[in-house]
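Contents: one structure, followed by commentary.
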Protein chains: 2
Amino acid sequence: MSDGRMAQVYRGESLLFLTDEQLRQGIEAMFFAYRGFTADPDRILGEMAYGRAHHRAIHFINRVSGTTVNNLLAILGVTKQSLNRVLRTLIAEGLVESRVGTIDKRERHLFLTEAGHELETRLSDAQRARMRAAFRDAGPEAVAGFKQVLEAMMDSDMRNAYAKMRGNTT
Amino acid sequence: MSDGRMAQVYRGESLLFLTDEQLRQGIEAMFFAYRGFTADPDRILGEMAYGRAHHRAIHFINRVSGTTVNNLLAILGVTKQSLNRVLRTLIAEGLVESRVGTIDKRERHLFLTEAGHELETRLSDAQRARMRAAFRDAGPEAVAGFKQVLEAMMDSDMRNAYAKMRGNTT
DNA sequence: TTGGAATGTCAACAAGGCTGACGTAAGCTG
DNA sequence: CAGCTTACGTCAGCCTTGTTGACATTCCAA
């Protein structure tokens with residue numbers, strides 16, 4: 001696997017981007033950029049008793065309003081115990097509402113309350129501001145490439161979840 | 001900050017990528033892609049008693065061989081206590097060597113041992129394989145855009161660290 | 001020589017992952 | 001109806017990885 005180190009370089013300019021050196025740059029760019037990506041919401045959350053896990057839950061409850069716990073579990077890719085701890089505090093503090101399902105009463109459907117929406121807005125405004133600046137600086141073509149590469153980096157199940165997210169505005 | 005929601009959309013096609021909807025997609029793509037990004041090394045590390053923090057330390061000790069602890073601290077962006085715990089186990093298990101500085105004896109310079117290099121190779125091979133597949137699928141122009149957006153998303157200090165990383169092959 | 005920088009270590013703590021086990025309510029199926 | 005399965009919650013315990021605070025050591029530099 002560590003082969004092909006230099007092999008591709010000489011096949012032409014068009015394959016320069018597959019050099020191990022280029023790949024390493026991509027890896028490190030991902031590492032540093034992800035820190036920037038989470039920095040602003042983290043700062044806001046740090047002021048309260050919440051963490052990144054709460055942000056993720058709030059984000060996707062907002063995105064897929066009325067989602068069941070099981071569905072949220074699948075999106076977030078954590079265990080129900082882990083999610084439950086976060087959900088419990090969010091419900092207790094009145095940011096999330098859990099309604100028993102009408103068709104299937106075993107299910108709980110999750111919604112943001114008014115307070116929940118407020119926090120969600122604060123968090124995504126901060127995160128979007130940085131993303132917007134980055135998008136603006138890089139330009140539309142770069143943004144298209146950005147999304148293409150990210151999508152290609154996902155597992156098939158993540159890609160499914162992401163695809164679902166893309167269509168759904170409910 | 002939550003303004004401008006729809007404002008830009010109507011200014012023309014060229015600003016479509018700055019829609020809140022587009023930004024949200026970018027945010028979610030980042031979230032899912034980062035999971036994919038770390039999935040393969042995490043799987044390898046899970047077999048051993050190591051975690052993602054060990055991977056990061058090993059990666060950058062390999063990249064900036066002979067780095068001081070302080071410098072590594074700045075790159076990783078964690079506290080010295082947090083890093084120290086990780087370094088201690090890596091040194092104890094013979095993956096990293098810590099040499100007292102010759103010029104400034106207060107400094108410790110960090111190097112990978114033979115065993116350290118082996119693990120580093122296993123980990124980056126796995127991570128590079130996915131990155132390579134993503135790069136190949138997306139093509140060179142997308143890759144250029146990918147890097148542009150990521151770089152624009154960093155803080156200035158991260159960007160400095162990343163820039164240093166880009167030049168240095170030592 | 002003294003202050004400060006670089007490093008390390010101990011202790012305590014919290015967030016947020018994980019597994020395993022168990023309970024309850026509700027739906028489904030033979 | 002009886003019994004299995006599903007959805008959800010919860011308790012207990014463990015791990016990694018981050019944090020602060022306090023303190024010791026070593027050594028450079030003014």
Side-chain angles (χ1 to χ4, degrees), chain A residues 31 34-35 38-39 41-61 66-93 96-111, chain B residues 31 34-35 38-39 41-61 66-93 96-110 123:
Chain A
F31 169 71
Y34 197 78
R35 278 234 301 265
T38 56
D42 280 0
R43 212 168 299 131
I44 294 170
L45 291 157
E47 297 165 11
M48 340 181 131
Y50 297 130
R52 210 176 283 179
H54 298 85
H55 182 194
R56 290 197 286 259
I58 287 175
H59 175 96
F60 285 109
I61 291 172
T67 177
T68 64
V69 173
N70 245 8
N71 187 44
L72 188 54
L73 237 38
I75 292 171
L76 295 176
V78 296
T79 59
K80 64 173 178 174
Q81 292 91 331
S82 202
L83 174 60
N84 188 253
R85 182 173 22 194
V86 168
L87 276 183
R88 216 184 316 168
T89 73
L90 289 175
I91 291 168
E93 310 207 7
V96 166
E97 194 191 342
S98 166
R99 294 184 207 152
V100 174
T102 48
I103 299 168
D104 187 335
K105 291 177 185 169
R106 292 170 304 176
E107 297 179 340
R108 305 298 144 92
H109 299 274
L110 303 169
F111 301 86
Chain B
F31 170 72
Y34 198 77
R35 279 233 302 263
T38 57
D42 279 0
R43 212 167 299 131
I44 294 170
L45 291 157
E47 297 166 11
M48 340 182 132
Y50 297 130
R52 211 174 282 179
H54 298 85
H55 181 195
R56 290 197 286 259
I58 287 175
H59 175 97
F60 284 108
I61 290 172
T67 177
T68 63
V69 173
N70 241 14
N71 186 44
L72 188 55
L73 236 41
I75 293 171
L76 294 175
V78 295
T79 59
K80 62 176 178 172
Q81 293 90 334
S82 199
L83 175 59
N84 189 255
R85 181 177 22 201
V86 168
L87 278 182
R88 215 183 318 165
T89 73
L90 290 175
I91 291 168
E93 310 206 7
V96 166
E97 195 190 342
S98 166
R99 296 185 206 152
V100 175
T102 48
I103 299 169
D104 186 336
K105 290 177 186 169
R106 291 169 304 179
E107 296 180 341
R108 305 300 142 95
H109 297 275
L110 303 169
L123 293 172

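Residue numbers start from 1 in every chain, and the chains themselves are labelled A, B, ... in the order their sequence lines are given, proteins ahead of strands.
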May I ask you to evaluate whether [X] reaches the phosphate of [N], defined as a side-chain N or O under 4.0 Å from OP1 or OP2?
X        : N      : result
B:Asn84  : C:dT9  : yes
A:His54  : C:dG16 : yes
B:Asn70  : C:dA5  : no
B:Thr79  : D:dG18 : no
B:Arg108 : C:dA6  : no

Atom-pair distance ([atom1] on [X]; [atom2] on [N]), nearest Å:
X        : N      : atom1 : atom2 : value
A:Leu90  : C:dA15 : CG    : C1'   : 14 Å
A:Ile103 : D:dT6  : CD1   : C1'   : 16 Å
A:His55  : C:dA15 : NE2   : P     : 18 Å
A:Arg99  : D:dC8  : CZ    : P     : 16 Å
A:Lys105 : D:dT5  : NZ    : C1'   : 19 Å
B:Leu73  : D:dG18 : CG    : P     : 11 Å
B:Arg88  : D:dT16 : CZ    : P     : 13 Å
A:Asp42  : D:dT19 : CG    : P     : 11 Å

| field | A:Arg52 vs A:Gln81, nearer the 5' end of DNA chain C by closest nucleotide | value |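 Its nearest nucleotide lies further toward 5', so the answer is A:Arg52.
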| message | On DNA chain C, compare the nucleotides closest to A:Val86 and B:Leu87; which residue's is nearer the 5' end? | response | B:Leu87
| request: Look at the side chain of B:Ser82 and decide which nucleotide, out of C:dC18, D:dG18, C:dT7, has an atom nearest to it. | output: D:dG18
| said: side-chain contact (heavy atoms from CB on, under 4.5 Å), that's the test. Do A:Arg108 and A:Val100 meet it? Break it down for me. | reply: CA-CA 5 Å; A:Arg108 305 298 144 92; A:Val100 174; 4.0 Å; yes
| query | Does a distance-only test, which skips hydrogens and angles, find a donor-acceptor pair under 3.5 Å between the side chain of A:Arg106 and the base of D:dT6? | reply | yes
| Base of C:dG27 paired with side chain of A:Glu107 (donor-acceptor, under 3.5 Å) | no
| Taking side chain as C-beta onward, heavy atoms only, is B:Leu110 less than 4.5 Å from B:Glu97? |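 With C-beta onward as the side chain, the pair stays apart.
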| request: Could you check whether the rings of B:Tyr50 and B:His54 sit parallel, tilted or perpendicular, using 30° and 60° as the cut-offs? | output: tilted
| First of B:Lys80 and B:Arg85 reached from the 5' end of DNA chain D, by closest nucleotide |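 It is B:Arg85, whose closest nucleotide lies nearer the 5' terminus.
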| What's the shortest heavy-atom distance between A:Leu72 and A:Thr67, and which atoms? |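 Looks like N-OG1, 3.7 Å.
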| task | Mind running side-chain contact (heavy atoms from CB on, under 4.5 Å) on A:Val69 and A:Asn84 for me, showing each step along the way? | result | CA-CA 9 Å; A:Val69 173; A:Asn84 188 253; over 6 Å; no
